[in-house]
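Notes to accompany the following structure.
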Amino acid sequence: MAVKSIDHVQLRMPPGGEPQARAFYRDQLGIPEIPKPPHLAVRGGCWFESDTVKIHVGVEQDGRPMRKAHPGLIVDDLPAMVANLTAAGYQVDADQPLEGYDRVYVDDPFGNRIELMQPK
């Protein structure tokens with residue numbers, strides 16, 4: 001018996017944050033939005049999924065953003081993504097080097113920390 005993989009990562013947003021979630025996860029990070037199952041859609045939120053990445057952004061009334069805990073997402077062109085995020089008004093921060101990767105951090109519109117990584 002063992003865990004085999006991660007199915008998805010769940011992040012939080014406040015009620016009504018769906019347009020901002022789409023602008024960030026779909027439009028900036030390029031993760032397609034998929035419809036939530038109808039019985040879950042009534043709760044609000046958005047699901048963004050590709051063949052290799054699944055991020056679910058759910059509504060949490062009084063939640064706090066994830067600041068230390070965060071997903072690390074592998075990207076294919078980190079400099080271009082950083083340029084696009086910066087042009088869209090997002091603050092991108094460098095961090096200590098990590099062997100084998102170029103990496104930065106960006107906060108989603110709700111303050112959740114996202115690590116963007118590109119293998120060297």
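No hydrogens, no waters, no symmetry mates; every other heavy atom, side chains included, goes into these values. Not measured: the values here are computed from a predicted model. Starting from 1, each residue takes its place in the sequence as its number.
Comment: R67 engages D107 in a salt bridge, judged by a side-chain N to carboxylate O separation of less than 4.0 angstrom. Ion pairing of D102 with K120 is present here, as a side-chain N (NZ or NE/NH1/NH2) and a carboxylate O approach within less than 4.0 Å.
Here the straight-line distance linking atom CG of N112 with atom CD of Q10 works out to 10.0 Å at 0.5 Å rounding. The CD atom of E33 sits 4.0 Å away from the CZ atom of R22 when rounded to the nearest 0.5 Å. For the atom pair CG of L78 and CG of L73, the computed distance is 11.0 Å after rounding to the nearest 0.5 Å. Taking SG from C46 and CZ from R26, the interatomic distance works out to 8.5 Å, rounded to the nearest 0.5 Å. Here L29 contributes atom CG and I55 contributes atom CD1; the two are 7.0 Å apart, rounded to the nearest 0.5 Å. Taking CD from Q61 and CZ from R12, the interatomic distance works out to 9.5 Å, rounded to the nearest 0.5 Å.
Residues forming a salt bridge (Lys or Arg N to Asp or Glu O under 4.0 Å) with D7 (at least two apart in sequence, or on another chain): K54.
Heavy atoms from other residues, nucleotides or ligands lying under 6.0 Å from CG of D93 number more than 12. The local environment of OH in Y105 is crowded, with over 12 non-hydrogen atoms from other residues, nucleotides or ligands closer than 6.0 Å.
E115 places no side-chain N or O within 3.5 Å of a backbone atom of P71 that could act as its donor or acceptor partner. Looking only at distances, a side-chain donor or acceptor of E18 sits under 3.5 Å from a matching main-chain atom of G45.
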For this session: Any chance you could lay out the side chain to side chain contact (heavy atoms under 4.5 Å, CB included) test for V106 and Q91, step after step, and finish with the verdict?
Result: CA-CA 6 Å; V106 63; Q91 180 176 327; over 6 Å; no
For this session: Give the C-alpha distance, both sets of side-chain angles, the deciding distance and a yes or no for side chain to side chain contact (heavy atoms under 4.5 Å, CB included) between D95 and R103.
Result: CA-CA 7 Å; D95 196 13; R103 67 186 186 139; 3.4 Å; yes
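Of all heavy-atom pairs spanning G16 and P19, the tightest one is O-CD, 3.5 Å. Minimum interatomic distance between Q28 and N84 (heavy atoms only, all atoms of both residues): OE1-O, 3.4 Å. Minimum heavy-atom separation, I74 to P119: CG2-CD, 3.8 Å.
Side chains of Y101 and Q118 form no contact here, defined as non-hydrogen atoms less than 4.5 Å apart. Residues R113 and K68 meet the side-chain proximity criterion, which asks for heavy atoms closer than 4.5 Å. The closest side-chain heavy-atom distance from L11 to V9 is below 4.5 Å. Contact annotation: the side chain of D77 approaches that of P79 to within less than 4.5 Å [non-hydrogen atoms, C-beta and beyond]. By the 4.5 Å heavy-atom criterion applied to side chains, I114 and Y25 are counted as neighbours. L98 has its side chain within reach of M117: a pair of non-hydrogen atoms, C-beta onward, lies under 4.5 Å apart.
Between the side chains of E49 and H8, no donor-acceptor pair of N or O atoms lies under 3.5 Å.
The aromatic ring centroids of Y90 and F24 lie less than 6.0 Å from each other. In this structure, F48 has its ring center at least 6.0 angstrom away from the ring center of H56.
The other residues sharing a hydrophobic cluster with W47 are I34, L40, where clustering joins ILVMFWY side chains under 4.5 Å apart.
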